[in-house]
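Throughout, a chain's letter reflects where its sequence line sits, starting with A, and its residues are numbered from 1.
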2 protein chains.
Amino acid sequence: MDVKSKIGIRIKELREQKNMSQKDLAYSADLDRSYIASVENGQRNISIVNIEKVSTALGVTLKEFFNNGKFDNNSTGS
Amino acid sequence: MDVKSKIGIRIKELREQKNMSQKDLAYSADLDRSYIASVENGQRNISIVNIEKVSTALGVTLKEFFNNGKFDNNSTGS
DNA sequence: TTGTAGACTTTAGTCGACA
DNA sequence: GTGTCGACTAAAGTCTACA
């Protein structure tokens with residue numbers, strides 16, 4: 001599984017834990033809702049600045065965001 | 001301090017631990033050397049795909065990359 | 001060995017609309 | 001509430017070159 005998908009799944013799981021809609025998250029992170037949708041579906045290569053915005057909106061630090069089994073192995077080839 | 005600078009410092013510290021030059025890292029991560037330079041100096045908003053490439057080239061997982069005091073607090077406002 | 005600059009191509013990210 | 005599409009603007013990332 002590639003990083004874009006991992007990030008998307010992580011965002012979605014944190015968002016649902018907070019009972020937020022994509023619209024809520026988009027507003028709170030100051031990003032476009034349709035963009036959040038495509039990121040969650042692993043279609044977009046999100047930048048670090050926006051990952052931080054989303055993390056903040058979800059109430060976690062970057063460290064916490066990445067402190068998850070999904071990120072225990074990189075998908076990049078050797 | 002903003003995320004772009006934190007990422008840059010983190011990359012540089014890991015790179016120096018491995019005794020790699022920017023050129024080595026660029027080659028290994030399949031990115032441009034001048035680009036690595038500007039990322040290390042906090043001038044670029046690197047994307048997640050490239051963060052993973054760099055992490056892999058540096059021999060750490062994404063989890064390890066972000067498992068660092070610098071990422072304990074987000075710089076994004078409230 | 002690293003920083004930066006300029007010109008370039010590709011993609012991130014916005015916005016409105018509709019299923 | 002979410003996915004996607006099309007058209008748009010801003011910015012990522014490449015490449016060559018020189019201090």
Terminal contacting nucleotides, 5' and 3', DNA chain D versus chain A (heavy atom, 4.0 Å)
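Taking any atom under 4.0 Å from a heavy atom of chain A, the span is D/dT2 to D/dT4.
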Sequence neighbours excluded, every pair satisfying ring-ring contact (aromatic ring centres under 6.0 Å, His included) that has a member inside residues 9-56 of chain B:
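Qualifying pairs: none.
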Comparing A/Tyr35 and B/Ala37 on DNA chain C - which has the more 5′ nearest nucleotide
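Of the two residues, B/Ala37 wins.
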For B/Glu16 and for A/Leu31, locate the closest nucleotide of DNA chain C by heavy-atom distance; then report the residue assigned to the nucleotide nearer the 5' terminus.
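Its nearest nucleotide being more 5', the pick is B/Glu16.
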Toward the 5' end of DNA chain D, which comes first, A/Lys12 or B/Asp32, by nearest nucleotide?
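Upstream on the strand: A/Lys12.
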Please evaluate the base of C/dG3 for a donor-acceptor partner in the side chain of B/Arg33 within a cut-off of under 3.5 Å?
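Yes, a donor-acceptor pair under 3.5 Å.
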B/Ser75 versus B/Asp2, closest heavy-atom pair with distance
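Here B/Ser75 and B/Asp2 meet closest at OG-CA, 3.7 Å.
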Have a look at A/Asn74 and tell me which of B/Lys63, B/Glu52, B/Glu64 forms a side chain to side chain contact (heavy atoms under 4.5 Å, CB included) with it.
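Going through the options one by one, the only one that passes is B/Glu52.
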Kindly compute the distance separating NZ (A/Lys6) from CG (A/Asn73), expressed to the nearest 0.5 Å.
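Result: 6.5 Å between the selected atoms.
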Nearest-0.5 Å distance that lies between atom CD in A/Glu40 and atom CD1 in A/Ile46
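It comes to 10.0 Å.
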Between B/Arg15 and B/Val54, is there a side-chain heavy-atom distance shorter than 4.5 Å?
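Not touching, per the 4.5 Å side-chain cut-off.
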Using a heavy-atom distance cut-off of less than 4.0 Å, which residues of residues 40-51 of chain B contact DNA chain D?
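Output list: B/Arg44, B/Asn45, B/Ile46, B/Ser47, B/Asn50.
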Side chains of B/Ser38 and B/Asn41, donor plus acceptor under 3.5 Å:
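No, no side-chain donor-acceptor contact under 3.5 Å.
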Between [atom2] of [N] and [atom1] of [X], the distance in whole Å:
| X | N | atom1 | atom2 | answer |
| --- | --- | --- | --- | --- |
| A/Gln22 | C/dG13 | CD | P | 16 Å |
| B/Met20 | C/dT2 | CE | C1' | 15 Å |
| A/Tyr27 | C/dT14 | OH | P | 15 Å |

Do B/Asn45 side-chain atoms and A/Ser47 backbone N/O form a donor-acceptor pair below 3.5 Å?
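No, because the side chain of B/Asn45 does not come within donor-acceptor range (under 3.5 Å) of the backbone of A/Ser47.
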Could you check whether A/Ser34 gets within reach of a base, just the sugar-phosphate, or nothing at all, counting any heavy atom under 4.0 Å?
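It contacts base atoms.
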Among B/Phe71, B/Phe66, B/Phe65, find the one that has a ring-ring contact (aromatic ring centres under 6.0 Å, His included) with A/Phe66.
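Going through B/Phe71, B/Phe66, B/Phe65 one by one, the ring-ring contact (aromatic ring centres under 6.0 Å, His included) with A/Phe66 is satisfied by B/Phe66 alone.
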